[in-house]
Amino acid sequence: MSMLELRTGVALVLLLALPAAAQTYGFGRPATEREIAGWNIDVSPDGAGLPNGSGNVAQGKQVYDKSCATCHGAKGEGKPADRLVGGQGTLKSDRAVRTIGSYWPFATTIYDYVYRAMPYNAPQTLTPDEVYAVTAYLLHLNGIVGADAVMNAQTLPKIRMPNRDGFVPDARPDTANVPCRVDCR
Amino acid sequence: MSKDIREADVPDAGVGAGSRRRFLARGAALAGGAIGAGAAGAQTADNTPPNVPAWMKQEGQPLSKDPYGLPSPFEKHVIRQGRGDQVMPGAGSLQSPLQHLRGMITPNGLVFERSHAGVPDIDPAQHRLMVHGLVKRPMIYTMDDLVRFPSVSRIHFLECSGNGSRELRSPFGKSVQISHGLVSCCEWTGVLLSTVLEEAGVDPRGKWVLAEGADAAGMSRSVPMEKCLEDAMLVYAQNGERLRPQQGYPLRLFLPGWEGNISVKWLRRLKVAAEPFMTREETSKYTDPMPDGTARQFTLLMDAKSVITYPAADHRLRQKGFHEISGIAWSGRGRIKRVDVSVDAGRTWRQAALQEPVLDRAVVRFRLPWQWDGGEAVLQSRAMDESGYVQPTRAQLIAERGMNFGYHNNMIQSWKVGSGGEVTNVHA
């Protein structure tokens with residue numbers, strides 16, 4: 001490589017092509033651990049992201065009755081907002097009922113979603129104990145755990161949801177229409 | 001001739017529609033006779049030849065009246081509209097008035113909207129993008145930082161995967177706005193996501209990126225790393241101006257050709273991981289139930305689709321003779337290659353003209369001249385893209401996917417023109 005090429009910026013282009021060699025622009029600043037901790041709210045199926053704390057079904061009923069029932073029904077039957085209970089065994093029918101119990105593949109998603117988005121009118125206000133508890137209660141209403149279940153960072157990822165194996169990859173394109181012009185039907 | 005008829009034929013779908021109809025009717029009545037109602041002002045006076053229009057006899061509005069320009073008050077009926085099925089004011093969608101749009105670009109105020117917990121009022125000075133997880137350098141960016149990066153502008157469609165979901169079981173939308181209005185097309189400007197990820201230094205184990213919004217839903221989706229590095233954008237401007245709040249101001253993810261929901265709005269966080277996060281929006285929602293009880297997951301691409309926007313349901317043809325059939329087509333697989341139109345419920349098809357430019361994963365306008373003989377007709381359009389994919393019929397989709405899928409319904413749409421000229425939504 002000649003000096004001329006270097007000066008005309010070929011070196012910069014090469015740098016860009018190398019993944020993660022170093023920062024090219026250097027904008028922004030490093031995120032501190034404290035900053036990350038405040039925003040790092042996601043929970044994965046393997047339990048990564050679950051905080052300390054725990055809650056049981058009875059405590060969960062209290063949280064639910066106080067903070068959720070007005071929108072999701074006294075027992076999770078729904079109305080005005082989403083139905084949270086029931087529907088197991090309906091997924092093959094023409095009028096499938098998809099709920100946490102019949103459709104959701106991972107129990108960890110309940111924790112993740114309830115903490116980040118519920119109650120709808122006050123998201124990210126429940127304590128970890130409350131989220132574990134209401135998660136236990138919703139699992140219990142769906143017949144997935146017993147009345148004495150306790151949810152925490154160890155027990156929740158171990159729950160096997162009824163529809164755990166119900167998801168398949170995208171299979172499209174799955175139709176093969178023919179662009180016919182005359183006498184088409 | 002065609003223009004006047006065309007304007008009169010275009011109905012006033014939607015809220016506030018009546019006013020235009022009444023205005024037109026009133027104008028017609030006055031034109032037909034009563035002159036000399038002089039006191040009534042410009043709107044009710046006869047401003048047609050041979051009279052000199054009132055608006056030529058006085059200075060118009062001051063230039064400073066609307067520092068941010070607004071449409072003519074006579075276009076008040078051209079607005080976004082919902083399906084009226086919202087549980088909460090902030091959780092639902094507003095459809096774009098496709099029947100009133102003319103070219104390929106959707107004006108910013110008419111871009112469809114789908115939000116899950118309202119539209120946040122974000123102060124851009126306090127908005128931050130955090131990039132962390134499996135990266136060498138966890139980073140925080142301000143909006144000022146992000147706009148300093150090299151930028152790109154690209155014209156692409158954006159479509160909610162629920163667009164047309166109600167049309168599968170029975171004809172639902174009383175207008176093309178309600179049936180197909182969850183699609184828009186804009187010029188999007190921002191920085192390539194690959195640029196920002198390279199700055200952070202992605203660990204080779206990083207195969208997925210969680211994108212999280214700063215709304216009250218904390219909207220979150222897992223994006224395959226391949227797409228992030230291929231053509232994903234961090235967008236801060238649409239059609240030349242900063243994003244509208246409804247579109248994710250001040251920052252959104254944009255994934256060309258993919259379902260709208262995954263282009264997370266109000267983007268605040270990107271977390272790199274080895275596996276998908278299995279968020280609620282990629283398990284409970286935005287998955288496609290199949291008749292055997294399974295559901296397809298990560299169905300992200302939007303397949304080719306088209307719809308006739310004139311004549312369409314809620315229009316009424318008032319005169320026989322020439323009508324220009326016009327509509328839009330788009331595909332997440334690339335450029336639209338051909339659009340065919342049928343006026344006999346799919347028995348015969350003619351090729352429509354495509355308006356240039358025909359861009360990759362953008363809306364294209366198609367047109368076909370048509371002589372309406374005054375009889376019944378069923379109008380359909382069928383898009384084909386450069387990958388060879390042909391928009392399917394409803395029967396073909398149901399044969400593959402049953403009746404439970406709702407997302408990704410790209411079936412050929414049928415509009416029936418009755419002998420009285422009324423146009424309705426039908427299955428044919």
Side-chain angles (χ1 to χ4, degrees), chain A residues 16 19-31 35-36 39-46 48 71 80-82 91-96 98 100 103-106 108-109 112-113 116-117 120 123-124 166-185, chain B residues 87-88 117 130 132 136-142 145 148-149 198-199 201-202 210 212 216-218 220 268-269 271 273 275 277-280 283-284 287 289-301 303 338 340 346-349 382 384 389-393 396-397 400-401 403-404:
Chain A
L16 282 170
Q23 284 181 312
T24 305
Y25 303 99
F27 306 153
R29 61 172 177 79
E35 286 170 326
I36 293 172
W39 279 20
N40 193 16
I41 58 173
D42 58 87
V43 173
S44 292
D46 64 3
C71 291
D82 304 39
L91 295 186
K92 286 185 191 159
S93 85
D94 251 17
R95 297 277 169 181
R98 290 185 289 275
I100 289 175
Y103 197 58
W104 289 35
F106 298 103
T108 46
T109 307
D112 176 281
Y113 182 72
R116 73 170 59 244
Y120 184 84
Q124 296 199 46
F167 290 84
V168 295
D170 195 355
R172 296 172 302 156
D174 54 355
T175 55
N177 198 6
V178 178
C180 155
R181 291 279 179 76
V182 286
D183 294 334
C184 300
R185 47 179 294 190
Chain B
V87 176
M88 296 289 157
M130 181 182 284
H132 72 120
K136 293 203 175 63
R137 292 172 292 273
M139 297 295 296
I140 285 192
Y141 295 104
T142 63
D145 294 330
R148 278 187 71 194
F149 282 109
E198 276 162 20
E199 290 283 291
V202 174
L210 180 78
E212 181 180 83
S220 52
R268 74 155 192 171
R269 191 161 72 99
K271 181 176 177 179
E275 302 285 340
F277 292 77
M278 301 296 177
T279 71
R280 180 245 188 179
T283 54
S284 170
T287 46
M290 295 293 118
D292 66 355
T294 65
R296 293 179 186 166
Q297 195 181 22
F298 299 113
T299 45
L300 303 171
L301 190 116
D303 272 320
R338 192 173 107 194
D340 297 324
R347 274 169 204 89
T348 59
W349 297 82
R382 183 181 64 195
M384 204 171 128
Y389 179 91
V390 182
Q391 185 181 1
T393 64
Q396 287 166 343
L397 282 171
E400 284 303 318
R401 304 183 198 168
M403 293 298 288
N404 265 335

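Here is the naming used below: chain letters follow the sequence lines, and residue numbers restart at 1 for every chain.
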Straight-line distance of [X] [atom1] to [Y] [atom2], nearest 0.5 Å:
| X | Y | atom1 | atom2 | answer |
| --- | --- | --- | --- | --- |
| Arg172(A) | Leu300(B) | CZ | CG | 8.0 Å |
| Trp39(A) | Arg268(B) | CH2 | CZ | 5.0 Å |
| Leu210(B) | Asn40(A) | CG | CG | 9.0 Å |
| Asp340(B) | Cys180(A) | CG | SG | 9.5 Å |
| Phe27(A) | Tyr141(B) | CZ | OH | 9.5 Å |
| Thr348(B) | Arg181(A) | OG1 | CZ | 10.5 Å |

Minimum side-chain heavy-atom gap [X]-[Y] below 4.5 Å:
| X | Y | result |
| --- | --- | --- |
| Arg401(B) | Asp174(A) | yes |
| Ser284(B) | Thr109(A) | no |
| Thr287(B) | Arg98(A) | no |
| Glu275(B) | Ser44(A) | no |
| Asn177(A) | Gln391(B) | no |
| Pro289(B) | Tyr103(A) | yes |
| Arg116(A) | Arg280(B) | no |

Quiz item: Where on Phe277(B) is there a heavy atom nearer than 4.5 Å to chain A: the side chain, the backbone, both, or neither?
Solution: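 For Phe277(B), backbone and side chain are both near chain A.
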
Quiz item: Checking Val390(B) against chain A: side chain, backbone, both or neither under 4.5 Å from a heavy atom?
Solution: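 Looking at Val390(B), backbone and side chain both touch chain A.
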
Quiz item: Which one of Arg296(B), Met278(B), Gln297(B) satisfies the side-chain contact (heavy atoms from CB on, under 4.5 Å) criterion with Phe167(A)?
Solution: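 The option that passes is Gln297(B).
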
Exercise. State whether the side chain of Arg185(A) and the backbone N or O of Gly346(B) hold a donor-acceptor pair below 3.5 Å, judged by distance alone.
Key: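 Here the side-chain-to-backbone pair does not exist.
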
Quiz item: How close do Ile36(A) and Pro138(B) get, heavy atom to heavy atom, and via which atoms?
Solution: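 Shortest heavy-atom contact: CD1-CB, 3.8 Å.
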
Quiz item: Is it the case that Thr283(B) and Trp104(A) place a side-chain donor and acceptor less than 3.5 Å from each other?
Solution: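 Distance-only check fails for Thr283(B) and Trp104(A).
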
